[in-house]
Amino acid sequence: MAIEAGEDARDRRLLLLSVWASAGFAVLSSVWGVLSGSSMIVFDGLSSFASIGLSMLAVVALRTARRGPDERYPWGREAWEPLVVVIKAVALAALCIYAVVGGIADLVNGGREVSTGWALAYAIVATVAGVVVTLLMRRGGRSDLVRAEAAEWFGDTLLSVGVLVGFVIAVILVSAGRPDLAAYVDPAMVVVVSLLFLRIPARLVGEGMREVLAMSPPAATQAELDAAVEAVREQFGLDEAFLRASKVGGRVDVEVDYVVGEGSSVRTVADGDVVRQALHDRLEELGHERSVVVAFTTDRRWAE
């Protein structure tokens with residue numbers, strides 16, 4: 001329990017780090033974007049402002065999920081985690097689509113003049129800071145919410161790298177006496193980067209909805225559960241084992257139906273409890289929060 005409490009505290013600290021980092025980026029990029037005339041930098045600021053509210057929502061969801069089951073939530077509150085991941089992803093996707101529309105409008109209207117030197121300086125600062133925050137988030141977090149934040153920061157960092165390359169091209173064009181072409185660089189980056197960034201919220205929506213809908217867990221988790229259930233079946237000479245599992249936030253729900261045959265050592269309720277304990281011990285080694293139901297039958301039709 002002490003280890004779990006420590007992990008929860010670490011996850012909350014990382015989420016709060018994301019909030020403060022987003023706040024810093026929001027202010028910096030908004031002011032810098034207006035001064036330089038770059039819609040790309042302003043878009044970065046808008047996404048950071050959106051991340052502040054979404055990250056705070058993630059902190060609340062994490063605290064709610066860790067309160068455990070009660071009369072209102074008999075199975076626990078872990079479903080808040082994937083729900084918030086989906087909300088965050090949809091909001092980010094909407095912001096990207098808005099940016100694409102604005103970028104296309106600027107391209108049609110002849111581009112946008114940008115102070116390329118200031119814009120290039122911002123891209124360097126944003127790239128370095130994004131790498132630092134991404135590494136901190138990816139190395140320290142355990143919950144799905146922190147992993148979603150890390151994915152978002154990774155996407156932001158890739159965006160910053162793309163912006164850096166774009167502004168280098170703009171500086172080269174201005175130096176070559178083609179400011180007319182350089183004017184198209186900023187809105188073109190908004191369109192391209194926003195479309196590329198859409199992959200991240202799309203993936204997060206898919207993963208979050210799998211958990212909200214209580215679908216099967218990721219393949220790696222499913223394989224671990226299958227191995228544990230099969231090992232216990234062989235240990236006690238049970239005929240068959242039927243496993244149903246789903247992952248919701250940090251909790252894995254497991255239902256196992258064992259078919260008891262003539263050669264099995266399971267004959268009494270006490271024998272069944274021995275099997276349950278053996279399965280519990282194996283699942284505990286996997287490190288997931290668990291809700292486990294184990295049933296026994298001599299007729300496989302009740303297990304299918």
Side-chain angles (χ1 to χ4, degrees), residues 14-59 88-107 111-138 148-171 174 182-201 204:
L14 288 171
L15 289 174
L16 288 174
L17 167 66
S18 181
V19 171
W20 287 109
S22 295
F25 267 106
V27 174
L28 178 66
S29 55
S30 296
V31 174
W32 211 316
V34 171
L35 293 178
S36 65
S38 170
S39 57
M40 181 67 246
I41 298 177
V42 171
F43 167 68
D44 202 13
L46 291 176
S47 65
S48 295
F49 273 118
S51 293
I52 296 172
L54 295 172
S55 296
M56 288 301 298
L57 183 61
V59 173
K88 284 170 58 67
V90 170
L92 291 172
L95 182 61
C96 288
I97 293 172
Y98 173 80
V100 169
V101 174
I104 292 175
D106 284 340
L107 287 172
R112 174 185 289 270
E113 292 186 11
V114 176
S115 177
T116 53
W118 281 101
L120 181 60
Y122 170 82
I124 294 172
V125 171
T127 299
V128 173
V131 168
V132 172
V133 177
T134 299
L135 290 176
L136 290 173
M137 298 292 293
R138 296 184 75 170
E149 288 287 320
E152 182 183 337
W153 276 103
F154 180 67
D156 286 339
T157 302
L158 291 180
L159 181 151
S160 297
V161 172
V163 170
L164 177 60
V165 173
F167 284 136
V168 167
I169 294 174
V171 169
V174 171
Y184 287 97
V185 171
D186 185 72
M189 284 193 300
V190 172
V191 174
V192 173
V193 170
S194 297
L195 289 174
L196 291 176
F197 188 71
L198 272 173
R199 296 177 57 188
I200 292 178
L204 291 175

- prompt: Between Ala89 and Pro201, what is the shortest heavy-atom contact and its length?
  reply: O-CB, 3.1 Å
Please list every donor-acceptor pair under 3.5 Å in which a side-chain atom of residues 125-136 meets a protein atom from a residue at least two apart or in another chain.
| unit_1 | atom_1 | unit_2 | atom_2 | d |
| --- | --- | --- | --- | --- |
| Thr127 | OG1 | Ala123 | O | 2.7 |
| Thr127 | OG1 | Ser160 | O | 3.3 |
| Thr134 | OG1 | Gly130 | O | 2.7 |
| Thr134 | OG1 | Trp153 | O | 3.3 |
| Thr134 | OG1 | Thr157 | OG1 | 3.0 |

Got a list of side-chain donor-acceptor pairs under 3.5 Å for residues 90-107, not counting sequence neighbours?
| unit_1 | atom_1 | unit_2 | atom_2 | d |
| --- | --- | --- | --- | --- |
| Asp106 | OD2 | Arg112 | NE | 3.4 |
| Asp106 | OD2 | Arg112 | NH2 | 3.4 |

field: Taking every non-hydrogen atom, the tightest pair across Leu14 and Met137
entry: O-SD, 3.4 Å
field: Heavy-atom pair with the smallest gap, counting every atom of Ala26 and Ser29
entry: O-OG, 3.5 Å
- prompt: What residues, two or more places apart in sequence or in another chain, satisfy ring-ring contact (aromatic ring centres under 6.0 Å, His included) together with Phe167?
  reply: none
